[in-house]
Amino acid sequence: MESFGARLHRAVAERGPLCVGIDPHPGLLARWGLRDDVDGLDRFARTAVEALGDRIAVVKPQSAFFERFGARGVEILESTIRQLRDAGSLVLLDVKRGDIGSTVSAYASAYLDPSSPLCVDALTASPYLGVGSLAPMFELAAAHGGGVFVLALTSNPEGAAVQRAVTADGRTVAQTVIDEISQLNRGAEPVGSFGLVVGATIGDTGHDLSGVNGPLLAPGLGAQGGTAADLRTVFGASLPSVLPSYSREVLSAGPDVAALRAAADRVLADCRAALATS
Ligand SMILES: O=c1ccn([C@@H]2O[C@H](COP(=O)(O)O)[C@@H](O)[C@H]2O)c(=O)[nH]1
């Protein structure tokens, strides 16, 4: 079975280094001329799949915008995941799960067991109950060729107070997360299946990402103010591992499918240029 790291490596080689989020914000539904209800959500998601699913390496549905419609929203999320996988994109579900280990097992079954209707290629996870508590996710991911992206240095300004706090051994909280994920990826080829989330907005924080040997998801581009040019400052020598991620910047070009594709092509060209200078 091919690992998530290998599948991601191939997808990026074929389609380019880009993740596009499906974030059906109420404001975007209105901008697309859709109602803020399940039918509007369904139309939005289907259009995004049509525009992106056959050309973008990784598509990242934001679970919260589906969950807010309850069971019918989750049904649309399931269908969106299926459609994206059929179209050939890797699906990274942005759901930021984390809990005590025994409950993390259930989250792992929900998102990484191939028999689950919500099974995706990878999900985002929160390490604030301890990276070790996420072990059941790492184990199930490894067993089924899935991936996990763990929050390290998030793009929002509030994250720094927690993530850059210094622990007893002198490392920041974020550096301990980075180091634990680096251990999990040690020796993996062509790249490990366990990624980190590091925002494009954070500037040069002095964290050492050199041993991660896994993908670095970089949200915060576009709507949050980060630019492709900022990636060099944030990631330095780790630029080749970066997977830039945009949601509103691309989605605001919709609902026209050609316009969505053009917006994705534009940000991909920016990212290729920024990453090529490494
Ligand atoms: O540090 C983080 C982690 C996750 N996100 C998520 O990414 C998208 C960003 O959307 P934009 O429209 O491109 O701002 C959104 O789903 C966040 O929940 C993040 O922004 N920062």
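Residue numbers count from 1 along this sequence. Remember, it's 1-based here, ligands and their atoms both numbered in the order they're listed.
In this structure, of Ser155, Gly21, Pro61, Ser63, the residue bringing a heavy atom nearest to atom 19 (C) of ligand 1 is Ser155. Of the listed options Gln62, Gln163, Lys96, Gln224, Lys96 places a heavy atom closest to atom 4 (C) of ligand 1.
Close N/O approach between Asp23 and ligand 1 is found [any backbone or side-chain N/O within under 3.5 Å].
The distance from ligand 1 to the heavy atoms of Thr154 drops below 4.0 Å at these ligand atoms: 1 (O). Per-residue contacts place Arg248 under 4.0 angstrom from the following atoms of ligand 1 (heavy atoms of the residue considered): 11 (P), 12 (O), 13 (O), 14 (O). Residue contact check: Leu221 has heavy atoms under 4.0 Å from atoms 13 (O) of ligand 1. The ligand atoms of ligand 1 that sit less than 4.0 angstrom from a heavy atom of Val197 are 1 (O), 3 (C).
At a 4.0 Å heavy-atom cut-off, ligand 1 touches Ser247 through backbone and side chain alike.
Here Asp121 pairs with Arg85 in a salt bridge; the nearest charged N to carboxylate O distance falls below 4.0 Å. A salt bridge links Arg68 to Asp36: at least one charged side-chain nitrogen sits closer than 4.0 Å to a carboxylate oxygen.
Using modelled atom types and a 3.5 Å distance limit, the side chains of Asp230 and Thr227 yield a donor-acceptor pair.
In terms of protein heavy-atom proximity, atom 8 (C) of ligand 1 is nearest to Lys60 NZ, 3.5 Å. Protein heavy atom closest to atom 6 (C) of ligand 1, with residue, atom name and distance, is Asp94 OD2, 3.3 Å.
Counting heavy atoms from C-beta outward, Ser238 and Leu216 have side chains that approach closer than 4.5 Å.
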Q) How far apart are the C-alpha atoms of Arg10 and Arg7, what are their side-chain angles, what is the distance that settles it, and do they pass the side-chain contact (heavy atoms from CB on, under 4.5 Å) test? A) CA-CA 5 Å; Arg10 189 158 40 81; Arg7 294 191 295 129; 4.0 Å; yes
Q: Step by step, work out the side-chain contact (heavy atoms from CB on, under 4.5 Å) result for Leu77 and Leu93.
A: CA-CA 10 Å; Leu77 177 59; Leu93 185 63; 3.9 Å; yes
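Under a 4.0 angstrom heavy-atom cut-off, Thr124 registers as lying outside contact with ligand 1.
For the pairing with Phe44, the ring pair (Phe, Tyr, Trp, His ring centres under 6.0 Å) check across Phe69, Phe65, Trp32 returns one residue only, Trp32. Tested against Val242, the residues Ser245, Pro240, Pro244 include a single side chain to side chain contact (heavy atoms under 4.5 Å, CB included) partner, Pro244.
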